[in-house]
Amino acid sequence: AQQGRVREKAYGKQKIYFADQEQLPAASDAELRGLDGEITALSSKVQALQQSCRQMEAELKDLNSSMTTPEIAREIEELRKDCASYAEKLERIKSATNHVTPEEKEKVCSEQKLYCREWRRRKRMATELLEAILEGYPKSKKQFFEEVGIETDEDHNVTLPAAV
C-alpha cells in the first residue's frame, strides 16, 4: 500500500486492501465487447457441459441400480426353481383324494353356526342365573365362583367365534 501497488480503504476499525486499477492498462470498447462475447460463449458451454454431466450421472445411477447379467441369470434360475416347486405342489394338491366337497363344507359350517348359537344361548342363561344368585349373595362374584368351582371362558382365554 505504501508503494502504491495496492490501495487501502478504512471502514471504522477495518481496513480493506484491493488492487489499484489505475495502474492497469485501460481496455478499449472493442476488447470489452470481445471479452463479453467470450464470456457468453464460455457460459453457454459451461451450461451445456453441466447438463451433459447431469444426464450422465442420471444414466450412471440407473445403471448402478439395475441388475447385472449374472445376477439376472441367477434370479431367473431361482424363479424357475420356485415355479417348478409350486407346480409340483399344485399337482400334489390336485391328485389328493381327500378333497372336501362343497356339500360337506356347507354341512360343517352350518353345524359350527348351530353350536356357536347354542354356546351363546347357554352362556347367556348361565350368566343370568349367576347374576340372580349374586344379587342376594354377600360376597364378591369372584369369591362365589371360587367357592362353587365355576370356571369361565375368560379364565381360559376362550372367546366365542364371530357371528357369521
Side-chain angles (χ1 to χ4, degrees), residues 5-7 9 11 14-21 23-128 130 141-142 145-146 149-164:
R5 284 190 244 149
V6 178
R7 298 200 60 194
K9 275 196 177 181
Y11 291 103
Q14 296 178 339
K15 292 182 181 180
I16 296 177
Y17 295 93
F18 56 94
D20 186 8
Q21 294 184 5
Q23 295 178 1
L24 298 174
S28 67
D29 287 342
E31 285 178 320
L32 290 176
R33 280 193 295 275
L35 290 174
D36 285 342
E38 191 178 332
I39 288 172
T40 305
L42 289 174
S43 294
S44 64
K45 187 175 180 181
V46 165
Q47 287 178 346
L49 288 173
Q50 286 176 336
Q51 178 65 27
S52 173
C53 184
R54 281 193 292 272
Q55 288 174 347
M56 288 181 182
E57 285 175 346
E59 187 178 344
L60 177 65
K61 183 179 176 185
D62 288 344
L63 290 173
N64 283 337
S65 66
S66 65
M67 297 175 91
T68 63
T69 304
E71 289 173 339
I72 290 176
R74 279 194 301 272
E75 184 73 20
I76 289 172
E77 189 60 34
E78 288 176 22
L79 290 172
R80 284 187 178 145
K81 287 178 184 176
D82 289 347
C83 186
S85 69
Y86 290 140
E88 182 182 320
K89 187 175 181 180
L90 180 62
E91 283 302 315
R92 280 197 315 263
I93 291 172
K94 284 182 178 179
S95 65
T97 57
N98 59 352
H99 292 296
V100 176
T101 64
E103 294 82 22
E104 291 173 327
K105 181 180 174 185
E106 185 60 37
K107 180 182 174 193
V108 169
C109 287
S110 65
E111 285 179 1
Q112 187 213 14
K113 287 178 188 176
L114 173 72
Y115 295 143
C116 286
R117 207 171 23 250
E118 190 65 23
W119 184 359
R120 284 188 183 84
R121 188 178 70 79
R122 290 182 183 194
K123 183 172 181 168
R124 186 174 51 251
M125 287 176 18
T127 304
E128 289 173 0
L130 291 171
K141 181 177 181 179
K142 186 176 180 180
F145 281 10
E146 285 179 14
I150 296 175
E151 295 177 352
T152 63
D153 294 337
E154 290 76 23
D155 292 341
H156 295 283
N157 295 325
V158 176
T159 57
L160 281 166
V164 180

Problem set entry | Pairwise side-chain contact, Asp153 with Thr159, heavy-atom cut-off 4.5 Å (strictly under) | no

Exercise. Taking the side chain from Asp155 and the backbone from Thr152, do they hold a donor-acceptor pair closer than 3.5 Å?
Worked result: yes

Exercise. Are the side chains of Lys15 and Lys9 in touch, meaning some heavy atoms are under 4.5 Å apart?
Worked result: no

Exercise. Should the heavy atoms of other residues, nucleotides or ligands under 6.0 Å from OH of Tyr11 be counted, would the total exceed 12?
Worked result: no

For this session: Flag the pair Glu104 / Val108 as yes when at least one side-chain heavy-atom distance between them is below 4.5 Å, and no otherwise.
Result: no

For this session: Verify the neighbour count for atom CD of Glu154: are there more than 12 heavy atoms of other residues, nucleotides or ligands below 6.0 Å?
Result: yes

Below 3.5 Å, can you tabulate the donor-acceptor pairs from side chains in residues 40-59 to any protein atom, sequence neighbours excluded?
{"from": "Thr40", "atom 1": "OG1", "to": "Asp36", "atom 2": "O", "distance (Å)": "2.9"}
{"from": "Ser43", "atom 1": "OG", "to": "Ile39", "atom 2": "O", "distance (Å)": "2.9"}
{"from": "Ser44", "atom 1": "OG", "to": "Thr40", "atom 2": "O", "distance (Å)": "3.4"}
{"from": "Ser44", "atom 1": "OG", "to": "Ala41", "atom 2": "O", "distance (Å)": "2.8"}
{"from": "Gln51", "atom 1": "OE1", "to": "Arg54", "atom 2": "NH2", "distance (Å)": "3.0"}

Exercise. Would you say the side-chain atoms of Glu31 pair up with the backbone N or O of Ser28, donor to acceptor, closer than 3.5 Å?
Worked result: yes

Exercise. Is it true that Arg122 and Glu118 have a side-chain N and a carboxylate O under 4.0 angstrom from each other?
Worked result: yes

Problem set entry | Test side chain to side chain contact (heavy atoms under 4.5 Å, CB included) applied to Ala87 - qualifying residues, sequence neighbours left out | none

For this session: Give the intermediate values and the outcome of side-chain contact (heavy atoms from CB on, under 4.5 Å) for residues Val6 and Asp20.
Result: CA-CA 5 Å; Val6 178; Asp20 186 8; over 6 Å; no

Sequence neighbours left out, cut at 3.5 Å: what donor-acceptor pairs do the side chains of residues 74-84 make with other protein atoms?
none

Exercise. In Å and rounded to the nearest 0.5 Å, what is the CZ to CD distance from Arg117 to Gln112?
Worked result: 11.0 Å

For this session: Check whether more than 12 heavy atoms from other residues, nucleotides or ligands sit under 6.0 Å from atom NZ of Lys141, and answer yes or no.
Result: no

Problem set entry | CA sep, side-chain torsions, deciding dist, call: Leu114, Trp119, side-chain contact (heavy atoms from CB on, under 4.5 Å) | CA-CA 9 Å; Leu114 173 72; Trp119 184 359; over 6 Å; no

